[in-house]
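Small disclaimer: the values here were computed from a predicted structure and weren't measured. In listed order, ligands and their atoms are each counted from 1.
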Amino acid sequence: MLSEAGKVIGTELSKKYSFRSRKQIGSQIRIEEPVDQKEKSSRENELLILKKGSTKEKTSKRQHLSIAYEERMLNDSLQKEGLKGSVSGATRTESKKLKWEPDNWREVINNIREMRRQRDAPVDTMGCDKCADESAPPKETRYHSLVSLMLSSQTKDAVTYAAMQKLRQHGLTVPNVLNTDDKTLGQLIYPVSFWKSKVNYIKRTTQILQDEYDGDIPDSVEKLCKLPGVGPKMAHLCMKTAWGILTGIGVDTHVHRISNRLGWVKKATKTPEATRIALEAWLPTELWDEVNNLMVGFGQQLCKPVNPLCSTCLNRNLCPFGQLHSRGKQ
Ligand code: SF4
């Protein structure tokens with residue numbers, strides 16, 4: 001039986017909402033088909049105060065409210081992420097499908113692996129991960145990794161690699177670089193792009209390493225990004241190369257360009273950093289390391305900045321840019 005308070009509240013609820021049918025079970029009122037769906041959640045919350053029925057009925061009603069609560073939470077979350085649509089009880093089990101990912105991406109990446117099977121792009125033999133002296137003391141090897149990444153910005157791998165060879169012959173250690181005048185350092189790294197600025201960055205960064213890190217390099221993306229001339233791309237790659245820690249996708253100009261051509265970003269991105277965030281939103285973590293090397297080499301050999309070789313690309317029928325490019329040529 002309903003308590004007096006329950007009856008009063010039940011009457012008030014009947015006035016407030018138009019129920020198609022109600023059932024009294026124990027001391028609870030079960031709502032069968034609410035007419036006003038918008039007020040469903042608030043009504044169910046109000047009904048909680050009628051919970052004086054059997055344990056079984058309480059459990060049933062609580063479970064239902066829990067689902068409604070979860071739906072609201074999920075919908076709030078989706079709205080915060082800027083995703084349209086809402087999750088209803090019928091569709092909540094499909095929430096995983098709401099996570100965006102590009103069509104056919106597994107096929108696309110397998111095709112790139114196939115096209116990169118030879119591993120004969122410049123990045124494969126002269127990339128930044130090939131520039132450090134692995135036989136040097138660990139601190140020194142890590143410093144080599146950082147310097148090579150600083151030199152590599154907007155510079156071809158072969159040029160960076162040659163500069164690193166000269167620096168290593170000169171003695172690429174923190175104390176030695178600090179003892180080297182700017183002119184000599186410039187001569188050692190020339191013709192690396194923006195070599196004058198890079199001399200300045202390397203000198204200032206090396207001084208910080210000496211003063212604040214006991215001659216070692218920082219061990220986090222955040223600290224690396226505070227060094228002069230070091231950005232997120234370098235920091236993530238440095239964490240992987242120097243420390244063996246995967247912290248994010250290293251997105252350079254190749255990864256940025258190809259991701260946009262393939263439609264691997266939900267909306268076109270303007271910067272490598274925006275591309276990194278967009279890729280990390282859907283690409284499985286276990287591929288974050290591989291995708292940098294795959295795409296860089298692919299960009300060096302096939303998906304070039306100008307005149308990509310779409311006609312020979314295995315992805316030409318899967319790639320929006322390739323399809324457009326081919327149509328334009330017909
Ligand atoms: S079809 Fe062209 S643009 Fe697309 S991935 Fe291949 S080479 Fe790049």
Side-chain angles (χ1 to χ4, degrees), residues 97-130 148-149 152-161 193 231-234 236-237 240-241 246-330:
K97 290 184 183 174
L98 294 174
K99 181 183 170 185
W100 180 87
E101 62 179 29
D103 294 336
N104 306 313
W105 68 267
R106 290 180 194 279
E107 195 180 341
V108 168
I109 204 166
N110 279 336
N111 285 337
I112 298 177
R113 286 187 184 117
E114 176 60 23
M115 290 184 277
R116 292 272 291 118
R117 197 154 42 93
Q118 302 298 331
R119 287 291 195 274
D120 53 1
V123 69
D124 298 312
T125 52
M126 294 177 285
C128 288
D129 57 338
K130 311 286 184 220
S148 67
L149 282 161
S152 71
S153 173
Q154 300 188 58
T155 303
K156 289 187 182 302
D157 285 336
V159 176
T160 301
Y161 189 81
S193 303
K233 178 207 84 172
M234 286 180 213
H236 287 297
L237 287 174
K240 178 68 183 62
T241 310
L246 183 65
T247 53
I249 301 173
V251 176
D252 72 342
T253 180
H254 294 292
V255 181
H256 172 57
R257 179 182 69 255
I258 297 167
S259 296
N260 276 275
R261 285 177 174 175
L262 286 171
W264 275 19
V265 286
K266 195 173 176 186
K267 290 180 190 167
T269 50
K270 291 184 177 166
T271 63
E273 182 57 3
T275 301
R276 179 184 68 78
I277 292 165
L279 283 178
E280 288 178 3
W282 66 267
L283 190 70
T285 319
E286 60 268 24
L287 298 176
W288 287 11
D289 182 31
E290 182 192 9
V291 79
N292 172 272
N293 176 277
L294 263 188
M295 282 207 190
V296 171
F298 183 49
Q300 290 174 337
Q301 294 182 308
L302 274 159
C303 195
K304 299 177 179 185
V306 180
N307 296 327
L309 308 179
C310 299
S311 59
T312 60
C313 178
L314 297 177
N315 286 325
R316 61 187 175 278
N317 294 323
L318 300 170
C319 168
F321 183 95
Q323 289 171 331
L324 205 65
H325 198 66
S326 306
R327 268 207 301 272
K329 286 192 167 181
Q330 284 171 358

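- For the pair M115 and F298, the minimum side-chain heavy-atom distance is below 4.5 Å.
- A donor-acceptor pair under 3.5 Å links the side-chain atoms of Q300 to the main chain of V123, judged by distance alone.
- Remark: the D124 side chain and the Q118 side chain contain no N/O donor-acceptor pair separated by less than 3.5 Å.
- For R106, the side-chain hydrogen bond (donor to acceptor under 3.5 Å, both in side chains) test picks out no residue, with sequence neighbours left out.
- T275 pairs by the side-chain hydrogen bond (donor to acceptor under 3.5 Å, both in side chains) definition with H256, T269, not counting sequence neighbours.
- Of all protein N/O/S atoms, those lying under 2.8 Å from atom 6 (Fe) of ligand 1 come to 1.
- Residues that satisfy the side-chain hydrogen bond (donor to acceptor under 3.5 Å, both in side chains) test with Q301, not counting sequence neighbours, are D120.
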